[in-house]
Amino acid sequence: VARRLSLRKHPECHSMAGGKAIEHLAQTGNQELLTFPLPMQQYRNCDFSFSGLQNLVNNAIAQKEKEEGIQEGEILSCVKDVAAAVQHAVTVHIIQRTYRAMLFCIKNSILPSKNATLVVSGGVASNQYIRKGLQNLADANDFALLCPPPRLCTDNGVMIAWNGIERLRAGLGVLHSAAGIRYEPR
């Protein structure tokens with residue numbers, strides 16, 4: 001979405017990654033000026049998919065460009081509202097699907113009856129709007145929410161290293177010798 005909105009050309013976002021730019025612009029946008037149907041509402045499972053939402057957003061952007069008489073690649077006057085609406089739709093989709101997963105785990109006794117924890121990491125965990133929505137979900141269902149600091153949520157290499165540190169501290173799955181292990185760099 002950030003690429004389609006040409007946010008690298010936006011004066012407030014030229015040096016930001018796409019997700020960060022969407023979050024930044026969404027803070028002052030009106031999410032109610034555009035509404036996007038939530039993906040996969042007809043499926044009663046825990047799967048996530050954003051492809052349908054992406055198509056809807058691309059079509060809405062094209063329509064707004066037509067209405068404003070601008071070419072693809074130029075900045076829409078309503079770019080902040082688009083960012084807010086997209087961020088909100090993504091957040092609600094994530095919350096709904098995560099809630100289904102939580103209910104499934106509880107129903108099937110996969111999680112402990114007390115002290116259940118929802119762990120969120122990666123790029124999605126750096127978005128404060130999404131994080132707040134997941135915190136509300138966790139609180140409403142007596143789950144703890146565990147998220148690394150946002151500065152550690154931007155690079156998968158950092159996340160893998162952080163996971164390794166935590167596993168090392170806990171003594172879980174730690175190899176004390178690499179002898180006999182084959183690997184191929186890519």
Side-chain angles (χ1 to χ4, degrees), residues 1-3 7 13 15-27 36 38-54 57 83-84 86-186:
V1 172
R3 193 175 306 116
L7 295 186
C13 306
S15 63
M16 294 179 185
K20 185 67 178 168
I22 294 286
E23 180 181 12
H24 172 75
L25 293 175
Q27 290 174 352
F36 298 108
L38 296 176
M40 303 179 66
Q41 290 297 294
Q42 69 275 25
Y43 299 106
R44 301 280 182 220
N45 58 32
C46 304
D47 297 344
F48 294 90
S49 176
F50 298 97
S51 59
L53 179 60
Q54 183 174 347
V57 172
V86 169
Q87 178 178 254
H88 181 72
V90 166
T91 301
V92 173
H93 181 56
I94 289 171
I95 289 169
Q96 285 182 348
R97 301 321 238 178
T98 302
Y99 182 53
R100 285 182 193 276
M102 292 164 68
L103 292 176
F104 176 85
C105 291
I106 291 166
K107 180 181 177 188
N108 292 289
S109 301
I110 295 171
L111 296 173
S113 58
K114 293 185 179 188
N115 301 323
T117 302
L118 173 61
V119 178
V120 181
S121 64
V124 72
S126 67
N127 182 295
Q128 295 302 306
Y129 187 83
I130 295 172
R131 196 183 275 225
K132 183 177 179 184
L134 289 170
Q135 183 66 65
N136 291 340
L137 174 67
D139 291 345
N141 291 281
D142 294 323
F143 273 62
L145 178 68
L146 180 62
C147 297
R151 64 185 171 78
L152 299 178
C153 296
T154 58
D155 181 273
N156 285 338
V158 173
M159 294 306 303
I160 291 167
W162 181 63
N163 179 272
I165 289 168
E166 294 301 322
R167 293 181 65 81
L168 179 64
R169 286 181 182 158
L172 299 172
V174 178
L175 293 175
H176 297 286
S177 171
I181 297 176
R182 290 189 55 228
Y183 63 92
E184 294 179 27
R186 292 191 285 163

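What you see is a predicted model; the values in this text were computed from it and never measured.
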Could you check if a side-chain atom of [X] sits within less than 4.5 angstrom of a side-chain atom of [Y], using non-hydrogen atoms only?
X	Y	result
Thr117	Leu145	no
Tyr99	Leu118	no
Asn127	Arg131	no
Phe143	Ile106	yes

Of all heavy-atom pairs between [X] and [Y], which one has the smallest distance, and what is that distance?
X	Y	value
Val120	Pro148	O-CD, 3.2 Å
Leu7	Cys13	O-CB, 3.5 Å
Ala21	Met16	CA-SD, 3.8 Å
Phe48	Met40	C-SD, 3.8 Å
Asp47	Arg97	O-NE, 2.8 Å
Ala89	Leu38	O-CD2, 3.5 Å

Nearest 0.5 angstrom please: [X] [atom1] to [Y] [atom2], how far?
X	Y	atom1	atom2	answer
Gln96	Thr98	CD	OG1	10.0 Å
Arg167	Ile160	CZ	CD1	12.5 Å
Asn136	Asn141	CG	CG	11.0 Å

Taking [X] for the side chain and [Y] for the main chain, is one N or O donor matched with an acceptor at less than 3.5 Å?
X	Y	result
His93	Ser49	yes
Glu23	Gln128	yes
Ser126	Gly123	yes

Can you confirm whether more than 12 heavy atoms, excluding those of Asn108, are under 6.0 Å from its CG atom?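 More than 12 heavy atoms, drawn from other residues, nucleotides or ligands, come within 6.0 Å of this atom.
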Walk me through whether Val90 and Phe36 qualify under side-chain contact (heavy atoms from CB on, under 4.5 Å). CA-CA 10 Å; Val90 166; Phe36 298 108; over 6 Å; no
Intermediate values then yes/no, side-chain contact (heavy atoms from CB on, under 4.5 Å), Tyr129 and Gln27: CA-CA 9 Å; Tyr129 187 83; Gln27 290 174 352; over 6 Å; no
Step by step, would you call Thr91 with Lys132 a side-chain contact (heavy atoms from CB on, under 4.5 Å)? CA-CA 9 Å; Thr91 301; Lys132 183 177 179 184; over 6 Å; no
